[in-house]
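Read through the structure below, which is laid out as structure tokens, and then see the notes.
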2 protein chains.
Amino acid sequence: MEQPSRLAGTVRPGGRTARVRAAVLEATQDILVEHGFHGLTMDQVAARAGVGKTTVYRRWGSTPGLVADLMKELANQSSPHADTGDVERDLLANAVSVWEAVTDGRLGATLQAVIAAGTCDEEAADALRAFFTRRIDEWVTVVDLAVKRGELPEGTDGGELVRAISAPLYYRLVVTREPVTRRDAERSVSRGLAAARAGAFVPDP
Amino acid sequence: MEQPSRLAGTVRPGGRTARVRAAVLEATQDILVEHGFHGLTMDQVAARAGVGKTTVYRRWGSTPGLVADLMKELANQSSPHADTGDVERDLLANAVSVWEAVTDGRLGATLQAVIAAGTCDEEAADALRAFFTRRIDEWVTVVDLAVKRGELPEGTDGGELVRAISAPLYYRLVVTREPVTRRDAERSVSRGLAAARAGAFVPDP
DNA sequence: CCATTAACGGGATAAGTGTCCCGTTAGCCG
DNA sequence: CGGCTAACGGGACACTTATCCCGTTAATGG
């Protein structure tokens with residue numbers, strides 16, 4: 001018995017293998033958008049991608065495996081962050097990009113599906129954690145620069161501030177499932193900044 | 001063809017019907033804790049509850065239906081909220097209860113599963129929304145009283161503040177999937193309060 | 001351009017899941 | 001306490017999904 005998935009596709013990654021992966025991941029995302037993670041099956045992915053069922057099982061093993069790989073793919077399409085020299089504007093750009101992501105039908109549904117997959121599969125959970133910690137780290141520099149410029153108190157924890165700003169948006173998306181508006185993004189920024197200016201993001205001694 | 005689920009159990013809700021519901025919901029929760037929403041099947045629920053498979057299909061229809069009913073049941077076990085006359089203490093009690101919920105193996109896993117179910121089923125999503133809006137509303141009075149006492153600015157939006165405080169905890173639980181600590185709960189409260197004292201939770205004119 | 005073999009695809013098979021029929025059990029009401 | 005029937009339970013059936021075998025295709029390297 002060979003290793004089911006990790007090996008396949010690594011020795012000859014060119015041409016066909018790459019095309020198959022692209023087709024499968026796109027089909028995966030399509031189905032996630034239409035039916036959510038619960039409605040994702042290996043069978044349908046194979047059929048929709050125009051690919052042999054065996055191939056999907058061999059390379060990805062299970063639906064959480066598909067979702068995890070899709071998440072890794074999305075992680076590589078990271079959008080560059082703004083840096084205007086004004087924290088409020090920069091963090092607003094961050095919040096708005098989160099808002100756009102969760103509001104966009106395709107990306108929002110995908111995010112929800114990946115989050116659902118993360119609740120029952122360790123591999124998907126790892127991919128999720130990796131994706132978000134990376135996204136957060138990209139914006140931390142904005143906060144650090146603001147601290148240097150004196151806009152925020154010395155020692156302000158950028159990672160925590162960035163998290164605090166996006167948390168309410170995701171909270172509405174997946175937990176309370178209320179509609180998320182652009183104003184929510186704006187409010188989240190002003191609240192995070194208000195707390196940050198008051199020193200609430202400076203760790204205790 | 002009769003109505004599949006809404007009717008059954010409403011005419012003779014006593015005795016057996018109630019016992020079956022309790023057994024099924026408990027089995028549902030057990031399986032959610034062990035395998036997550038993705039591993040929940042009608043078959044296993046019936047077997048574990050010691051109940052006919054047909055009964056589960058007739059009364060609940062689908063796995064999201066089970067989850068939605070479980071959520072309604074949990075919504076009725078609402079814990080009373082504190083009111084010590086000190087906002088910080090009260091909101092800390094709220095945050096700690098959220099922390100305990102998401103940290104507790106059984107309740108935390110159940111919450112994650114219900115959230116996963118909400119991503120692909122409208123009924124589960126409704127149950128989720130109902131559960132959380134109710135929980136939030138229970139704590140809004142604490143904020144309102146604090147405003148009356150002058151601890152917080154006039155016009156502070158209690159619902160938003162309560163949401164802002166629990167959001168980072170759920171965000172860590174289901175989105176970034178980082179460990180959630182009691183200190184996270186404490187920080188969340190102090191940050192929310194810092195923003196609230198600065199007037200960031202007072203709606204613009 | 002050819003040989004090698006990684007990777008794919010079709011189809012058969014097995015396992016699991018959802019649906020239905022109909023006989024049995026036990027709430028509810030007079 | 002006895003009849004009516006809501007609700008349950010077992011088991012057969014159909015469908016979907018997962019796994020496996022083996023022949024075919026096409027990347028890779030010389």
Which one, D/dA18, C/dG9, C/dT19, comes nearest to the side chain of A/V51?
C/dG9
To the nearest Å, how far apart are B/K53 NZ and D/dG11 C1'?
9 Å
What is the separation between atom CZ on A/R16 and atom C1' on D/dT28, rounded to the nearest whole Å?
12 Å
Under 3.5 Å, is there a donor-acceptor pair between the A/D144 and A/T141 side chains?
no
Could you please name the option among C/dC8, C/dG27, D/dA27 that lies closest to any side-chain atom of A/R19?
D/dA27
Ionic contact status for A/R183 with B/D204, cut-off 4.0 Å
yes
Nearest-Å distance for atom pair OH/C1', residues A/Y57 and C/dA7:
18 Å
Rounded distance (Å) that lies between atom C1' of D/dA6 and atom CZ of B/R58:
9 Å
Checking all strands, does A/T17 fall into the base, sugar-phosphate, or nothing category for heavy-atom contacts under 4.0 angstrom?
sugar-phosphate
What is the separation between atom CZ on A/R21 and atom P on D/dA27, rounded to the nearest whole Å?
17 Å
Between A/R59 and C/dC8, is there a side-chain N or O to OP1/OP2 distance below 4.0 Å?
yes
Counting heavy atoms from C-beta on, name the nucleotide in D/dC8, D/dG10, C/dG10 closest to the side chain of A/T54.
C/dG10
Between A/W60 (CH2) and C/dA7 (C1'), how many Å, whole number?
11 Å
Under a 4.0 Å N-O cut-off, is there an ion pair linking A/D30 with A/R106?
yes
Over 60° means perpendicular and under 30° means parallel, so classify the ring planes of B/Y170 and A/Y171, tilted if in between.
tilted
Selection: residues 40-48 of chain A, any non-hydrogen atom under 4.0 Å of DNA chain D
A/T41, A/M42, A/D43, A/Q44
Is A/D184 salt-bridged to B/R163, going by a charged N under 4.0 Å from an acidic O?
no
Got a salt bridge between B/D69 and B/R21, using NZ or NE/NH1/NH2 to carboxylate O under 4.0 Å?
yes
Look at B/E160 together with A/R172 and state whether they make a salt bridge at an N to O cut-off of under 4.0 Å.
yes
From C/dG10, D/dG9, D/dA27, pick the nucleotide closest to the side chain of B/T55?
D/dG9
